[in-house]
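Accompanying notes for the structure given below.
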Amino acid sequence: DDLVLVARPGHPLLTGEPDAARLAAYPWILPREGTPSRAHFETALAGLGGAGLERPATIECGSAVLMRELLLLSDHVGCVSRLQAGAEIALGALIPLDLSLPDTARPIGVTTRDDWLPTAAQAQFVEILRQVGQTL
C-alpha cells in the first residue's frame with residue numbers, strides 16, 4: 001500500500017500544480033508522529049522540496065472516518081493510505097491530489113505469536129485477509 005494526499009471536492013489544490021510551496025499553505029491531517037506512515041510522508045515531502053517549509057496547523061489522526069469528516073468541512077489536506085481511503089475516493093467524497101508521494105509504498109500485514117491459537121472467528125478473519133491480499 002502507498003500513501004496518497006487527499007482533499008475535499010472543490011479544494012483549491014485540485015487545480016494547477018500542487019507543488020511543495022502550495023501544499024505548505026494549507027493545514028494538514030497526518031498520521032501520528034512516530035508511525036511508519038508519518039515517516040514515509042515526511043521523507044516524501046522532503047523529496048518534493050518541502051523539507052523545512054512551515055506548515056499551518058497539523059491535526060494528527062489515525063481514524064479514516066474522522067479524517068474524511070474534517071477534510072469535507074475544511075481546506076485541510078490529508079495524508080492517508082490509498083487503500084484506507086479507497087471507498088471515499090471511489091465515491092468522490094475525497095479526491096486524490098495529482099501528486100505522487102515517492103517511496104511511500106510499504107507492506108501491510110498481520111503479526112501473530114508462534115503459539116497463537118485463534119478462535120474460529122479469528123481464523124476465519126485471517127483467512128479472509130489472505131484471500132483479499134492475494135487479489136490485490
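Only heavy atoms go into these numbers, but all of them, side chains included; no hydrogens, no water, no symmetry mates. For reference, positions follow the sequence shown, starting with 1.
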Residues which pass side-chain contact (heavy atoms from CB on, under 4.5 Å) with T111, listed by chain and number, not counting sequence neighbours:
none
By the rule that ILVMFWY residues connect when side-chain heavy atoms come within less than 4.5 angstrom, directly or transitively, which residues belong alongside V126?
W116
Provide the full list of salt bridge (charged side-chain N to carboxylate O under 4.0 Å, His left out) pairs with a residue in residues 121-136, sequence neighbours left out, each pair given once.
none
Of all heavy-atom pairs linking I89 and P96, the shortest is CG2-CD, 3.9 Å
Contact list for residues 34-46, test side chain to side chain donor-acceptor pair (under 3.5 Å), sequence neighbours left out:
E33-R38, S37-R106, R38-E42, R38-E60, E42-R55
Between I29 and C61, the two heavy atoms sitting closest are CG2-CB, 3.7 Å
Can you list the residues that meet the side-chain contact (heavy atoms from CB on, under 4.5 Å) rule with I128, with sequence neighbours excluded?
Q124, V132
Trace of the side chain to side chain contact (heavy atoms under 4.5 Å, CB included) decision for L5 with L23:
CA-CA 10 Å; L5 300 180; L23 288 169; 4.1 Å; yes
Taking all non-hydrogen atoms of both residues, which atom of P18 and which atom of L13 are closest, and how far apart?
CB-O, 4.1 Å
Sub-4.5 Å side-chain heavy-atom contact between V4 and L101:
no
Hydrophobic cluster (4.5 angstrom, side-chain heavy atoms) - remaining members for F125
V110, L129
Where do A93 and L72 come nearest, in terms of heavy atoms and distance?
O-CD2, 3.1 Å
With salt bridge (charged side-chain N to carboxylate O under 4.0 Å, His left out) as the rule and sequence neighbours excluded, what pairs involving residues 78-94 come up?
D2-R82, R68-E88
Under the side-chain contact (heavy atoms from CB on, under 4.5 Å) rule, collect the residues that match up with I95, sequence neighbours excluded.
P9, L14
ring-ring contact (aromatic ring centres under 6.0 Å, His included) contacts in which one or both residues fall within residues 60-103, not counting sequence neighbours:
none
What pairs of residues pass the side chain to side chain donor-acceptor pair (under 3.5 Å) test when at least one of them lies in residues 90-103, not counting sequence neighbours?
none
Contacts of A64 that satisfy side-chain contact (heavy atoms from CB on, under 4.5 Å) - sequence neighbours left out
Q84
Identify the heavy atoms of L97 and V77 that sit nearest to each other, and give their distance.
CD1-CG1, 4.0 Å
Name all pairs fulfilling the side chain to side chain donor-acceptor pair (under 3.5 Å) condition that reach into residues 6-24, sequence neighbours left out, sorted by first residue then second.
R8-D75
